[in-house]
Amino acid sequence: MVLPVEPEFEQAYTELLLTLENSTLFDKKPVLKKAIPVVSVPERIIQFRVTWEDDDGVINVNRGYRVQFNSALGPYKGGLRFHPTVNLSILKFLGYEQIFKNALTGLSIGGGKGGADFDPKGKSDAEIRRFCSAFMRELSRHIGENTDVPAGDIGVGGREIGYLFGAYKRYRNLWEGVLTGKGLSWGGSLIRPEATGYGLIYYVERMLDYVSPGDTFAGKTVAISGSGNVAQFAALKAIELGAQVVSMSDSKGAYIVATPGTSFSVADVALIANIKLERKELFVLDDAFPTGKFTYLPGARPWIHLGKVDIALPCATQNEISGEEALALVAAGCKFIAEGSNMGSTMDAIEVFETERVKAPGSIWYAPGKAANCGGVAVSGLEMAQNSHRINWTKEQVDEKLKSIMSTCFDNCVNTAIEYSSEKTDGLPSLVKGANIAGFVKVAEAMLDQGDFY
Ligand code: NDP
């Protein structure tokens, strides 16, 4: 057996290719098949050394990257991830997904991704600042408001964006919208921190209403993994809409409500947000949470430990639902799975959800991250638009635009799945096919127009 050289990238590539080939797309538009080998190679990869000094005066070295994958629709756009697992396979998979996700937002943004194998955990603020400055020393040569506009991702939040932006300004002597997720008083957009989590919930609202017109989050049981930016705001919006959030987790373990019918509260999520800002593990909250409210499962993900659940929202990292866990979700009665994380489900898990969707029409519906979590990059696109015009929209204006983008994205996925489906089923259309085909067609047609293939 030949092991994949870039397993995560090859998984993302294979998943896209299988859905395109397993549809009528290339019968209807044969020329677009020529785009596949071209779109699957990044336009450019920048890899660089990052040396920085820790609080003990010791020099540390990390690997920094920016994958500038595709600029057919606009400047490269995608987050920066600071995590010890970062490597080219992971950044290429994220950049590849980002191309098609960004196309689904309907905005003029290309796809990219970057980061470093730096571990922010256990670092002081001064160390984070020195690392960000050292990272930007090289990255600043390759990005710009019309070239490449990075944002945050795992390990890169508002504080890191601030340090990175300050460093860029010093190196380039330019104040420009080169990063998104900026502070509100210096070019940031209202609702950007909330956008991915809120957008995920808005997407699922459309799924609920499509299956049973008038159905809402009220009274639904929602399982969430992760406890970072995406998970926190998905939880808060779900709670606001009357759902019961029954789990949250981090890389060390999961908290699950001990009694059916109870939910994480806004106050519980606020406690989580505070300790995550301090880069601490969830379990430090054992004494802070109301006594007996949650059960802590060390080293576990929530999926196989839940009672009845209506909606599952993976919001931590890639491949966080296995085939076995997907089967457990089906057995728990879960009807909707929507990814806040990128490639949250393994290929086996997607197979379980998609097989079940066809086998038992109306029983289960899976939405991939490239559609369901595009709200984050969409509001980043809105931040770029506000920066270009030197204006600020109100919270209500941005939220309204976010809702409209998620709704249009949902319609696009559904309509595209129906248009290119080769399935013989009266069940729900495949959102994974719809998302992949809609994103791919938009990018491939632009590349054809621009002479990238012919
Ligand atoms: P954060 O860094 O804010 O939070 C990440 C969360 O995931 C933390 O709870 C973290 O646990 C957990 N986690 C990270 N790595 C692992 C792992 N290997 N195993 C288990 N848990 C892990 O990141 P975000 O919330 O921004 O990102 C979460 C997901 O959403 C990622 O897949 C990201 O690519 C995706 N996404 C993010 C967007 C955004 O706007 N931020 C936009 C679109 C997608 P711990 O605290 O212990 O490290």
Side-chain angles (χ1 to χ4, degrees), residues 8 12 77-86 90-91 93-98 101-102 104-105 111 113-115 118-123 150-161 179-181 189 191-200 203 224-235 247-255 269 272-285 297-303 313-322 325 338-345 368-381 383 402 406:
E8 292 83 4
K77 178 103 201 82
L80 296 171
R81 179 175 289 193
F82 290 170
H83 196 269
T85 57
V86 161
I90 289 186
L91 295 180
F93 118 65
L94 288 165
Y96 196 59
E97 295 270 301
Q98 195 82 43
K101 176 195 310 195
N102 292 3
L104 288 171
T105 65
K113 201 81 190 188
F118 168 75
D119 188 357
K121 292 221 182 81
K123 304 292 188 298
D153 190 74
I154 291 178
V156 178
R159 169 184 38 207
E160 290 74 20
I161 293 291
L179 291 159
T180 56
S189 174
I191 304 285
R192 176 59 188 95
E194 297 89 342
T196 310
Y198 279 17
L200 173 67
Y203 193 93
I224 293 180
S225 66
S227 49
N229 171 272
V230 180
Q232 288 168 27
F233 287 107
S247 67
M248 295 192 72
S249 65
D250 70 2
S251 55
K252 295 289 185 302
Y255 275 105
V269 179
I272 291 175
N274 279 337
I275 60 113
K276 284 300 164 189
L277 210 52
E278 294 166 16
R279 296 180 286 275
K280 290 188 179 149
E281 280 86 12
L282 265 190
F283 60 71
V284 305
L285 287 173
L297 305 165
R301 298 193 287 231
W303 318 123
L313 305 175
C315 293
T317 191
Q318 65 274 1
N319 290 329
E320 52 166 326
I321 303 185
S322 66
E325 288 166 319
E339 293 173 346
S341 50
N342 286 308
M343 208 165 76
S345 307
K370 49 167 97 61
N373 73 29
C374 78
V377 73
V379 174
S380 276
E383 183 172 329
L402 171 63
M406 297 314 296

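All values reported here derive from a predicted model rather than from experimental measurement. Just so you know, ligand 1 is whichever comes first in the structure, and atom 1 is the first atom listed for that ligand. Along the sequence shown, the residues carry numbers beginning at 1.
Neither the backbone nor the side chain of Glu281 has a heavy atom within less than 4.0 Å of ligand 1. The part of Lys121 lying near ligand 1 is the side chain, judged by heavy-atom distances below 4.0 Å. When non-hydrogen atoms are compared, ligand 1 lies under 4.0 Å from neither the backbone nor the side chain of Ala151. The proximity of Cys315 to ligand 1, defined as any non-hydrogen pair under 4.0 Å, is limited to the backbone. When heavy-atom distances to ligand 1 are checked against a 4.0 Å cut-off, Asp250 comes that close through both its backbone and its side chain.
Salt-bridge formation is detected for the pair Lys370/Glu97: a Lys NZ or Arg NE/NH1/NH2 atom is positioned less than 4.0 Å from an Asp or Glu carboxylate oxygen. In summary, Arg301 and Glu325 engage in a salt bridge, as defined by a charged side-chain N under 4.0 Å from a carboxylate O.
One side chain, Ser345 or Glu339, offers a donor N or O that lies under 3.5 Å from an acceptor on the other. Between the side chains of Arg192 and Ser380, at least one donor N or O sits under 3.5 Å from an acceptor N or O. Remark: the Ser227 side chain and the Gln232 side chain contain no N/O donor-acceptor pair separated by less than 3.5 Å.
In terms of heavy atoms, Ala235 sits closest to Val269 at CB-CG2, 4.2 Å.
Considering backbone and side-chain atoms together, Gly376 places no N or O closer than 3.5 Å to any N or O of ligand 1. Backbone and side-chain nitrogen or oxygen atoms of Arg192 are examined, and one is located within less than 3.5 angstrom of a nitrogen or oxygen of ligand 1. For ligand 1, one of its N or O atoms has an N or O atom of Arg81 under 3.5 Å away. Note: no N/O pair closer than 3.5 Å links Asn373 and ligand 1 by distance alone. Taking only nitrogen or oxygen atoms, main chain and side chain alike, Ser251 reaches within less than 3.5 Å of ligand 1.
Ligand 1 places these atoms under 4.0 Å from at least one heavy atom of Ser249: 9 (O). Those atoms of ligand 1 that come under 4.0 Å of a heavy atom in Gly155, given as number and element, are 2 (O). Near Lys276, the atoms of ligand 1 lying under 4.0 angstrom from a non-hydrogen atom of the residue are 45 (P), 46 (O), 47 (O). Close approach of ligand 1 to His83 is summarised as follows: ligand atoms under 4.0 Å from at least one heavy atom of the residue are 15 (N). Every atom of ligand 1 with a heavy atom of Ser341 under 4.0 Å away is listed here by number and element: 29 (C), 30 (O), 32 (O), 35 (C). Those atoms of ligand 1 that come under 4.0 Å of a heavy atom in Gly226, given as number and element, are 9 (O).
Not a single heavy atom of Gly197 sits under 4.0 Å from any atom of ligand 1. Heavy atoms of Arg301 stay at 4.0 angstrom or farther from ligand 1.
For Asp153 (side chain) and Arg81 (main-chain N/O), no donor-acceptor pair under 3.5 Å exists by modelled atom type.
With Phe118 as the aromatic partner, Lys123 meets the cation-pi criteria of under 6.0 angstrom to the ring centre and within 45 degrees of the ring axis.
From the protein, the heavy atom lying nearest to atom 12 (C) of ligand 1 is Ala316 CB, 3.8 Å.
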